[in-house]
Structure formats: C-alpha cells, structure tokens
Amino acid sequence: MAFKRNVIRFKLKATGAAFLISAIPAFATDYKMTTPIPAEITTPDSVDTRIGKLEYFDGVPTEDTARKVFDQIDFSRGVETFLNGIPGASMVALRAANRAVGTVDGTIGIFQDLMDSKSLFLTANTESIYYASWIDLKDGPVVIESPPKVLGVVNDFWFRYVTDLGNAGPDKGKGGKYLILPPGYQGKVPKGYFVYRSQTFGNLVLGRGFTVNGSAKVAADAIKQKMRIYPLSEAGKTHAAKFVDLSGHEVNTVHANDFRFYEELNQIVQEEPEDSYGPDMMGLFNAIGMVKGKPFAPDERMKAILTDAVAVGNATARAIDFRGRAEDASIYSDRHWNTPFIGGSYQWLTPGGARNFDARTMFFYAATVNTPAMTVAMPGIGSQYASVNLDAEGKPFDGAKTYRLHVPAKVPAKDFWSIVIYDTQTRSMLQTDQQFPSLSSEKDLKKNADGSTDIVFSPEKPADTTNWVQTIPGKSWFTIFRLYGPLEPWFDKSWKLEDFVEAK
C-alpha cells in the first residue's frame, strides 16, 4: 500500500545544540497505526513561562531549555530545603548556644532571674524560669531527673516531640526519672524510669518553672535542687548539681538566614541517621548537595542558586509569619490576632492527616519547643497564645509611632496574663532601655475604673502613662499576648482582645 511521506525541513546549528523547526509534520492518517493524538498530552515547540521561553524539538527540550529548568528545580529545592529545614537549623543554633555557655554533658543552663532581652531566643517570655541543656545519645542512653512543678520537654534534632517532663508528662508534676534511648538501641532497659526513644542522637531538654507571687526564687531553687542529667552508665551514683546561671547573658539561639543556613542544616545530615527526617525530606536535602558522608561543597553555579533560594525562602517564611494568608490562623474574623497553632495540632496536621507546611513554617520561624501540651485547649490548664503583627488598620507596627492596646476587664486567665514585644528581625525580645520589654498582670499595672487596662507602646514614655512598653524609631515589632490558666470565655470568644490603635 502506498502512502505519502511528510517532509520535515530543519536546519542544524553549527554547535549542534539546537534545532530550528521550519515545518511541523502532520501525520494525519498517513501511517497504518496513526490515531488521533489529544492536544493536551503534547508539548508545543515554544512556551512562554515565568522562567522564560521554553523551546523543544518535537517535545525534546533544547539545551537552553534544559539549563533553565535545571536551574529552576535546583532553586525550588533550595527554597523548600529552607522552609522544611527551619526546625533543624533552629536546633543547630540552639545546640551552638548551649555549647557556647557550657550547658552540655549534664550541665544545665537556668535563667534563675528570668530571661531578659539580651538573649536572642525566639519569642521567649519574661515570666518563666527557663532551663535548658543539650544531650547527646551517641555514647548511650541518658537519664533526666525532672523536678516537680515544671513544664519541660525533650525534642529531637529535627524539633520533633520525644516526651514531656513535669506537669504535662507522666510524672504529673511530681518529678521523676526519664530514660532517653538513642536510635537503634538494643541494650537492656532497666526498670524505674519513664522510657522514651529518640529518632536522633542530638536532643534538646528545655523547660520552665513558674513565678510565685512574682518571684522566681522558689522555682529556680527547686530546679537546681532536683534536676540532674547523666548517662545511664552512671545511674546509682551521687550526682552534684551542675548549673550555669544565664540571666543577663548574651546568648544567640537563632539560625542564619543566608547561605550559612544550609551549612547549619548539613551538620544534622552528617551526624544523624540518614532516615532521621524521612526519605522524602532527606531526598530533598541530597538533591542540593547535602549527602551523609560527603562534603557539602556546591560549585559556583549552585552556590549562587542557593544564595538566591535562601533569600526567597526567608522572604516566604516572613510573608507567612507577618503577612499570612491562612484564614484559619485568625482568632477573630474581625481582628488581627492570630494563633500560632493552626489546626490545634503540634504536628501541624489537617483533620485528614495531611501536613500543613505553612503552619509549621509559621510556628518554627518565630518560636521553639514542640509538645502536644502547647495545643491543649482546656479551661484552667496550661497557657494560650495570641500574636499580632498589624494594627487596627492592617499596617505593620512602626517603632516611631505611639499605639494603645485596650485590654478589657476580667481577662479570662486563672493565674495571670502578660504581653511581650519582639523584634521582627530576630523574632526575639525587642532590645530597648527596658530590661524586660513586657507587662504582666502579676506586676503593678494601673487599671481603669471599670477594671480594664490601657497599655501604651511608644519610643518615649508619655507623661500621663503608667503602663508603658518602649519601642524604637526605625524598627518594627510584633507582640504575643499570653494567658496562663486560660478560662472558658477565652475559648468561646465571649471575651475578646481588641486591636492596637495608633494614637494620632
């Protein structure tokens, strides 16, 4: 049977790198096995996209197109590595801080006179007696003797929950001995401990005691008397107290936002089991050059791409935190206050079990500690948090301006409430002339006749103002309102926080 041949005329460039198509074959019914091909499964010879014009010879990318898409995928993976790696990089920064002040190998850091704004620590508060230590399980299991009446937690190197200590833990605030086992541990597990296994060798122990009538002494003394960390191999021995007072120290626990971020993250990739963050995440890190057992040494092209990617990743995290688009982050439909726990899950899962990546980024870019105790929504139990980045008009806070926050009477907090302001750059306490950039109902706040409270935020203290928090001209800020022992009117929203209003 005779048939016609379609003629394709093309000109090969001298480099052999690209084809210029002068005629597209129209096979129609020229061949025995020809069938109609749906247009949607084919690729045009040329497509305009956000990364430029993409060109093909019958679906085969030109060399220039291949270069563009490989640059794009390397860039995209660099951005995703930043966003998904924030919890790990934050842990690397926390470990570096613990090593710098010597709070490792059983030595515990404690802010016995409370944490002030000299410490760069993501959205810490000024009311808790914080304690922290870094534990390494590479030499075997570690024992933690937890003191009574604290809220403590152990998180692994990827900031995943291992166990609670204290009030939210199995010791129920009475104090107890915890045994943390390393990955792959096959040894004997003795009795007499609350036993938990970590997925990583590196782990953070972090907790807080509580002030009594505004004083930190009782809780600080109890922590120093009762808390101990030591290897299981030394169980049964007497362990002396090993504490470092960190109050007033300059401590940086915040990860980098430039190319050094990837170098921080690579520390975990090299030190921990390859499956410690799951195959998908580790595959993402491998794709940009972080491979266990190999040096992370991107060439000039890749380093330029990753430098760009970390800038976009950082911008993305900041957009999620400070100009978020998630409707379910809003506490009220008519105000700007947000919850840091979208969906009420400490694993940032949707009701269907999917990971809400933006919710996880929103939390870990601005905060630390991962425990289900943070998301408990029970009247009178634990604490609740509300953050705000914008004033009543939806504008970011300007440190040169004066704002007023009206806190209605009868704040639904069984214990007390507080408000702390933070630097938008460091996400740590704003460093001003005030040691503690905060106010608390535990302190001597001036109330209005109806029981409400007005607080002024400005660079200079107004002459007629008692309740004042200092800001800095030329800097922005954001704030977190905390309720300790939140009561039902907070949960059913019969009591509401008002937006900040600029005093004009």
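At a threshold of 4.5 Å between non-hydrogen side-chain atoms, the residues L179 and V189 count as touching. No side-chain heavy atom of S117 sits under 4.5 Å from any side-chain heavy atom of D423. Side-chain contact between F285 and Y277: present, with at least one pair of heavy atoms (C-beta onward) separated by less than 4.5 Å. Using a 4.5 Å heavy-atom cutoff, the side chains of I129 and L114 are in contact. Looking at heavy atoms from C-beta onward, W337 lies in side-chain contact with D499 at the 4.5 angstrom threshold. Residues L430 and I472 are in side-chain contact: their nearest non-hydrogen atoms beyond the backbone lie under 4.5 Å apart. Within the 4.5 Å cutoff, the side chain of H255 has heavy atoms near those of the S90 side chain. Taking 4.5 Å as the limit, every side-chain heavy atom of Y178 sits out of range of all side-chain heavy atoms of V162.
Around atom NZ of K226, no more than 12 heavy atoms belonging to other residues, nucleotides or ligands sit under 6.0 Å away. The 12-atom threshold is not exceeded at NZ of K149, counting heavy atoms of other residues, nucleotides or ligands nearer than 6.0 Å. The local environment of CG in D139 is sparse, with at most 12 non-hydrogen atoms from other residues, nucleotides or ligands closer than 6.0 Å. Within a 6.0 Å sphere centred on CZ of R301, heavy atoms belonging to other residues, nucleotides or ligands number more than 12. For K292, the NZ atom is densely surrounded, since the number of other residues' heavy atoms within 6.0 Å is greater than 12. Within 6.0 Å of NZ in K188 there are 12 or fewer heavy atoms belonging to other residues, nucleotides or ligands. More than 12 non-hydrogen atoms from other residues, nucleotides or ligands lie less than 6.0 angstrom from CG of N252. Annotation for K443: atom NZ counts as buried by contact number, over 12 foreign heavy atoms lying within 6.0 Å.
Looking at every heavy atom in both residues, F82 comes nearest to A317 through CE2-CB, 4.2 Å. Taking each heavy atom of A124 and M115 in turn, the nearest pair found is CB-SD, 3.4 Å. For the residue pair A386 and I331, the shortest heavy atom distance occurs at CB-CD1, 3.6 Å. Here the closest non-hydrogen pair linking V251 and A97 is CG1-CB, 3.7 Å. Closest of all the heavy-atom pairs between V420 and S438 is CG2-CB, 3.7 Å. Between L165 and S146, the closest heavy-atom pair is CB-OG, 3.5 Å.
The line from CG of L265 to CE of M290 is 4.5 Å long, rounded to the nearest 0.5 Å. The line from CE of M362 to CG of D358 is 9.5 Å long, rounded to the nearest 0.5 Å. Rounding to the nearest 0.5 angstrom, the gap separating the CZ atom in R335 from the CD atom in E498 is 6.0 Å. How far OG1 of T81 is from CD1 of I86: 11.0 Å, rounded to the nearest 0.5 Å. Atom OG of S198 and atom CD1 of I180 lie 7.5 Å apart (nearest 0.5 Å). We find the CG-NZ distance between L483 and K414 to be 12.5 Å, quoted to the nearest 0.5 Å.
In this structure, F341 has its ring center under 6.0 Å from that of F363. Between W158 and F364, the distance separating the two ring centers is not shorter than 6.0 angstrom. Between F481 and W417, the ring centre distance stays below 6.0 Å.
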Let me see the working for Q431 and L120 under side chain to side chain contact (heavy atoms under 4.5 Å, CB included), right down to the final yes or no. CA-CA 10 Å; Q431 296 178 330; L120 298 180; 4.0 Å; yes
R360/N84 under side chain to side chain contact (heavy atoms under 4.5 Å, CB included): CA gap, chis, key distance, verdict: CA-CA 9 Å; R360 185 174 68 179; N84 288 287; 2.7 Å; yes
Mind running side chain to side chain contact (heavy atoms under 4.5 Å, CB included) on L206 and N155 for me, showing each step along the way? CA-CA 8 Å; L206 181 68; N155 283 163; over 6 Å; no
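Applying side-chain hydrogen bond (donor to acceptor under 3.5 Å, both in side chains) to Y230 and the options E145, H239, K237 leaves one that passes, E145. Under the side-chain hydrogen bond (donor to acceptor under 3.5 Å, both in side chains) test applied with N98, the options T107, T253, T103 reduce to a single match, T103. Of the candidates F159, F157, Y365, P87 forms a side-chain contact (heavy atoms from CB on, under 4.5 Å) with just one, namely F159. Shown are T479, I480, L405; of these, the side-chain contact (heavy atoms from CB on, under 4.5 Å) with V388 is made only by T479.
Y332 places a side-chain N or O within donor-acceptor distance of the main-chain N or O of L497, the cut-off being under 3.5 Å. No donor-acceptor pair closer than 3.5 Å links the side chain of Q384 to the backbone N or O of G485. Between the side chain of N266 and the backbone N or O of V269 there is no donor-acceptor pair closer than 3.5 Å. Between the side chain of S247 and the backbone N or O of Q112, at least one donor-acceptor pair lies under 3.5 Å. In terms of modelled atom types and a separation under 3.5 Å, the side chain of R318 and the main chain of T424 share a donor-acceptor contact. Here the side chain of Q434 pairs a donor or acceptor atom with the backbone of Q470 at under 3.5 angstrom. Not one N or O on the side chain of T453 forms a donor-acceptor pair closer than 3.5 Å with the backbone of K447. Judged by distance alone, the side chain of S119 and the main-chain N or O of F121 form no donor-acceptor pair under 3.5 Å. S345 places no side-chain N or O within 3.5 Å of a backbone atom of G343 that could act as its donor or acceptor partner. Side-chain atoms of S276 never come within 3.5 Å of backbone atoms of T200 as a donor-acceptor pair (strictly under, hydrogens ignored).
S494 and D492 form a side-chain donor-acceptor contact under 3.5 Å, judged by distance and modelled atom types alone. Side-chain contact annotation: Y385 with S383, donor-acceptor N/O pair under 3.5 Å present. When only modelled atom types and interatomic distance are considered, E127 and S418 share a side-chain donor-acceptor pair under 3.5 Å. Looking only at atom types and distance, the side chain of Q72 has a donor-acceptor partner in the side chain of S76 under 3.5 Å away. Between the side chains of Q225 and D221, no donor-acceptor pair is found at a separation under 3.5 Å.
Aromatic ring orientation, F296 versus F259: parallel (interplanar angle below 30°, classes split at 30° and 60°). Ring geometry for F416 against Y484 counts as parallel: the plane angle stays under 30°, on a 0 to 90° scale with 60° as the upper cut. Ring geometry, W495 versus W490: the interplanar angle falls from 30° to 60°, so the pair is classed tilted.
The pair D321-R427 does not meet the salt-bridge criterion, since no charged nitrogen lies less than 4.0 angstrom from a carboxylate oxygen.
For the pair R197 and Y185, the NZ or CZ position fails the cation-pi test of under 6.0 Å to the six-membered ring centre and within 45 degrees of the ring normal.
Partners of E271 under the salt bridge (charged side-chain N to carboxylate O under 4.0 Å, His left out) rule, at least two apart in sequence or in another chain, are R95.
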